Amino acid sequence: MPDVDNQIGVFLTLEAVFPGEQPSLDSLKRLLKELNKSEVIDVCSRLNLSISDHLNEGSGSWPERHFRKQWETATNFFKSEHLPKIQGFFREHPHCSIVFRGQLIELIRWAALFCRDDEPTDELLTNLDKRDAFAKALLTVNSIWNTRIYRDQLVYGDDLTARRLRLLPRFRRSLSETEKGPDLTQAFARGKAIIVGQLCRLYPDFSERFRANSGLTLSDYYLCLLFVVLTSLGLMGNPPGTHPLAANRFFNPISDRPDLQLAITRMMELYSQSLTDLTASLWKGKEGPTELDFSILEHKVFRDRPILRVRDDHAIVMDPIFLRDMSSVGPLFLSGNIDASLGQFGHAFEAYCRDVFANIYPNIRGLACRLAPSTLGKAASGTEVQLADGILDCGDKTVMIETKASLIREDKVDSFEPTDYITFLRAKYGISLENRREKKKGLAQLANSISKLATGEWQQVNPAFPIRKCIIPVLLVHDTLIDAPLHPWFLAREFARLLDQSNADLTSAVMPVGNNSVSNLIVMTIDDLEALESSVQAFGLCDLLQDYAVNCRDRMVSLHNYLVEDKKYRDALVYSERIRSLFRKDLADMGQRLGQAPQNERS
């Protein structure tokens with residue numbers, strides 16, 4: 001189930017728990033020198049998997065579940081005399097976090113540089129003073145994280161629009177490290193369905209190209225990945241009722257699955273690194289940080305090899321976000337032709353989304369067809385044109401959908417010039433120049449179609465499925481971070497500037513285009529669509545889109561947050577039955593091949 005993205009969060013501070021102490025690099029170095037590198041990074045990884053675990057968080061509202069998980073962490077790592085201060089901070093800031101993903105990745109980075117590099121002795125489990133030092137280090141690193149993420153950009157000056165544009169990349173980076181980790185069961189089922197179910201159907205040679213380049217069949221790749229997902233969720237080797245923080249989330253890549261040994265060995269070669277490798281990749285032989293290290297963390301170090309080999313027989317995933325990436329786009333980068341595979345992925349994603357909409361709106365004989373059987377049109381010259389990737393008839397209005405599976409480059413997000421990121425967003429979702437020719441994508445394609453339909457330059461091929469006077473444009477994206485703060489506003493603003501310059505500030509909920517009335521652009525992520533897939537049995541998708549279009553006309557609230565904060569829709573959300581069925585089938589296939597189902601199955 002989706003949760004609220006508390007996108008600008010409040011985090012427990014060092015001063016709130018340890019009055020009189022101030023966070024600094026020297027104090028962090030002093031604390032980490034007391035601790036074992038292997039143990040600190042192992043515990044950070046476990047915490048990262050635990051706080052991101054959707055299956056073991058119990059019942060209740062999002063604030064209740066969030067507090068329960070955060071409080072479990074506090075009681076495990078802070079001395080009892082510090083707990084009243086933490087409780088007081090929670091009373092003052094009910095949605096605050098003690099631990100979060102970005103903080104833990106940040107601590108892993110500094111632990112790799114400063115911690116003792118000797119044999120682990122389980123001192124964090126047995127020594128209260130060591131745990132206290134770890135807890136202080138957790139809170140101390142927050143200030144370094146905050147400096148890296150925001151770069152002193154949360155300041156006044158310039159006009160409001162200029163400030164918003166300047167903060168776009170900073171807010172994306174913040175959300176990328178503070179959002180709760182993905183639902184790994186959903187991410188796995190979706191990723192496999194797009195790659196195996198759609199891409200391999202559209203491009204039958206992909207599986208062979210993948211095998212030749214990676215040394216793995218796609219079947220073995222996803223079977224090994226499923227095993228890693230299940231262990232990361234604490235579903236393998238833990239008896240029912242095991243405390244989430246005590247669950248074994250590591251795996252033994254040597255002997256746990258002898259029947260998969262060759263495939264797991266190859267996956268470890270591709271996706272794992274040792275502590276020595278990690279330290280070398282993060283610090284490149286430096287004995288201390290440079291000024292740049294306080295502004296940039298190379299996520300590629302974790303994304304390329306997210307599995308840490310603590311020992312030869314002990315491996316753990318450092319951040320579940322990268323397991324999601326392995327499920328969805330990992331095979332593209334092992335195909336031998338990345339650029340071609342990325343283009344093919346876009347077509348596969350479009351086909352996947354079309355199937356989801358067809359599942360929501362099946363074509364039933366005798367009932368009105370809601371989903372257009374064809375999205376083709378005809379230009380005045382007689383040539384065939386595509387009006388959109390999807391067209392939905394809502395009776396008195398039409399929803400026009402454009403899908404995009406663009407990947408966002410980390411160097412553009414972390415550039416010191418915010419316009420680099422803005423230019424990149426426009427190239428991926430709007431208008432760019434390629435070989436001196438204007439290239440339209442995403443929102444620009446929607447704006448172009450609507451404009452030409454309004455002028456009569458384009459017409460529908462099938463007049464039995466008319467475009468209504470009221471049009472709701474939807475940009476459906478694979479990138480779940482595109483609804484980070486200010487991003488829906490920015491994309492809606494770009495769309496408005498193409499159709500009606502007078503509404504560039506989104507002061508109006510609709511724009512007149514010829515005889516049509518066009519809503520401001522709605523940005524929907526694939527997470528949102530899958531959350532709606534089974535939920536729309538209780539409410540209408542068109543009603544949701546119309547309510548959001550009117551109530552959040554400036555798009556400063558994302559569709560995701562509107563969906564889970566508005567009581568009318570929040571209380572009707574249910575998990576996608578199709579996703580649940582896909583994952584259960586994957587579990588059954590795994591059990592049939594390995595002869596054992598995961599313990600404590602809750603999916």
Side-chain angles (χ1 to χ4, degrees), residues 11-12 14 23 28-29 31-53 69-70 72-78 97-118 120-125 127 130-146 148-149 176-181 228 231-234 244-251 272-279 281-283 293 297-299 301-303 305-311 314-323:
F11 308 108
L12 182 66
L14 179 71
L28 179 63
K29 182 177 182 179
L31 289 165
L32 291 178
K33 279 184 173 296
E34 299 179 25
L35 304 176
N36 176 270
K37 179 190 297 189
S38 173
E39 291 190 32
V40 169
I41 295 178
D42 188 36
V43 168
C44 284
S45 301
R46 288 195 195 211
L47 281 172
N48 218 339
L49 294 172
S50 175
I51 62 173
S52 299
D53 188 345
K69 188 160 285 189
Q70 293 290 322
E72 285 173 349
T73 302
T75 56
N76 274 275
F77 288 98
F78 288 86
S97 294
I98 299 171
V99 291
F100 59 98
R101 290 181 33 261
Q103 167 206 46
L104 292 165
I105 288 292
E106 190 74 58
L107 187 54
I108 286 175
R109 176 167 72 139
W110 293 100
L113 181 64
F114 291 141
C115 279
R116 300 189 334 263
D117 199 3
D118 51 15
T121 58
D122 290 334
E123 61 187 19
L124 285 180
L125 295 178
N127 189 315
K130 298 296 185 182
R131 281 212 299 275
D132 192 55
F134 177 83
K136 283 185 179 180
L138 266 179
L139 302 185
T140 300
V141 84
N142 283 353
S143 64
I144 297 175
W145 177 86
N146 185 73
R148 172 172 63 82
I149 293 297
S176 75
E177 296 190 21
T178 57
E179 70 169 347
K180 184 177 178 179
V228 175
T231 56
S232 298
L233 289 170
L245 285 177
N248 290 331
R249 297 176 188 271
F250 60 86
F251 62 97
S272 75
Q273 57 186 317
S274 66
L275 281 167
T276 301
D277 297 333
L278 177 65
T279 303
S281 297
L282 287 170
W283 293 105
D293 292 316
L297 185 154
E298 290 190 39
H299 291 79
V301 172
F302 298 97
R303 176 171 286 106
R305 296 182 178 272
I307 301 172
L308 179 69
R309 300 191 311 276
V310 182
R311 301 186 306 269
H314 182 121
I316 192 167
V317 172
M318 290 179 280
D319 190 329
I321 285 290
F322 305 123
L323 278 185

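Because the structure is a prediction, the values reported are computed rather than measured.
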> So, do Glu39 and Thr121 sit near enough that their side-chain heavy atoms are less than 4.5 Å apart?
Replying inline: yes

> Side chains of Val317 and Val228: closer than 4.5 Å at any heavy-atom pair?
Replying inline: yes

> Is any side-chain heavy atom of Phe250 closer than 4.5 Å to a side-chain heavy atom of Val310?
Replying inline: no

> If every non-hydrogen atom of Thr140 is compared with every non-hydrogen atom of Pro23, which pair is closest and at what distance?
Replying inline: O-CB, 3.8 Å

>> Please report the interatomic distance SG(Cys115) to NZ(Lys29), rounded to the nearest 0.5 Å.
In response: 12.5 Å

>> Quick check: closest heavy atoms across Ile98 and Gln70, and the distance to 0.1 Å?
In response: N-OE1, 2.6 Å

> Looking at CG of Leu28 and CH2 of Trp110, how far apart are the two atoms once the value is rounded to the nearest 0.5 Å?
Replying inline: 7.5 Å

> So do the side chains of Phe134 and Asn127 get within less than 4.5 Å of each other, counting heavy atoms only?
Replying inline: no

> Can you tell me if CD on Glu123 sees more than 12 non-hydrogen neighbours from other groups inside 6.0 Å?
Replying inline: yes

>> Quick one: does any side-chain atom of Asp319 pair with a main-chain N or O of Pro306 as donor and acceptor, under 3.5 Å?
In response: no

> What pair of heavy atoms forms the shortest contact from Ala112 to Thr279, and how long is it?
Replying inline: O-CG2, 3.3 Å

>> Quick one about Ser274 and Asp277 (side-chain donor to acceptor, distance below 3.5 Å, no hydrogens or angles considered), yes or no?
In response: yes

> Which pair of heavy atoms, one from Ile144 and one from Glu106, lies closest together, and at what distance?
Replying inline: CG2-OE2, 4.0 Å

> Looking only at heavy atoms, what is the nearest atom pair of Ser272 and Arg309, with distance?
Replying inline: OG-NH1, 2.8 Å

> Does the Arg131 side chain pair with the main chain of Leu124, one donor and one acceptor, at a distance under 3.5 Å?
Replying inline: yes

> Does Trp283 reach the side chain of Asp293, with side-chain heavy atoms less than 4.5 Å apart?
Replying inline: yes

>> Please report the interatomic distance OG(Ser176) to CD1(Ile321), rounded to the nearest 0.5 Å.
In response: 8.0 Å

>> Measuring from atom CZ of Arg303 to atom CZ of Phe322, what distance do you get when rounded to the nearest 0.5 angstrom?
In response: 5.0 Å

>> For Lys69, is there an ion pair with Glu72 - N to carboxylate O distance below 4.0 angstrom?
In response: no

> Which pair of heavy atoms, one from Gln273 and one from Val301, lies closest together, and at what distance?
Replying inline: NE2-O, 3.1 Å

> Would you call Arg148 and Glu177 a salt bridge, using N to O less than 4.0 angstrom?
Replying inline: yes

> Got Leu47 and Phe77 here, is their nearest side-chain heavy-atom distance under 4.5 Å?
Replying inline: yes

>> Using the rule given for side-chain contact (heavy atoms from CB on, under 4.5 Å), can you reason through Lys37 versus Ile41, listing the C-alpha separation, both sets of side-chain angles and the distance that settles it, and then say yes or no?
In response: CA-CA 6 Å; Lys37 179 190 297 189; Ile41 295 178; 3.8 Å; yes

> Do the side chain of Arg46 and the main chain of Arg249 share a donor and acceptor less than 3.5 angstrom apart?
Replying inline: no

> Does Lys130 use its side chain to pair, donor to acceptor, with the backbone of Glu34 at less than 3.5 Å?
Replying inline: yes

>> Please report the interatomic distance CD1(Ile105) to CZ(Phe100), rounded to the nearest 0.5 Å.
In response: 11.5 Å

> Can you tell me how far CG of Leu12 sits from CD of Gln103, rounded to the nearest 0.5 angstrom?
Replying inline: 9.0 Å

> Passes side-chain contact (heavy atoms from CB on, under 4.5 Å), Leu49 versus Ser45? Steps please.
Replying inline: CA-CA 6 Å; Leu49 294 172; Ser45 301; 5.5 Å; no

>> Quick one, Leu275 and Ser38 - any side-chain contact, counting heavy atoms below 4.5 Å?
In response: yes

>> Check whether Asp118 reaches the backbone of Asn36 with its side chain - one donor and one acceptor, N or O, closer than 3.5 Å.
In response: no

>> Set out, in order, the CA-CA distance, both residues' side-chain angles and the distance that settles side-chain contact (heavy atoms from CB on, under 4.5 Å) for Val141 and Trp145, then state yes or no.
In response: CA-CA 6 Å; Val141 84; Trp145 177 86; 5.6 Å; no

> Checking Asn48 side chain against Met318 main chain: does a donor-acceptor pair fall under 3.5 Å?
Replying inline: yes

> Is the shortest heavy-atom distance from the side chain of Leu104 to the side chain of Ile51 under 4.5 Å?
Replying inline: yes

>> Would Phe11 and Asn146 count as a side-chain contact (heavy atoms from CB on, under 4.5 Å) here? Give the steps.
In response: CA-CA 10 Å; Phe11 308 108; Asn146 185 73; over 6 Å; no

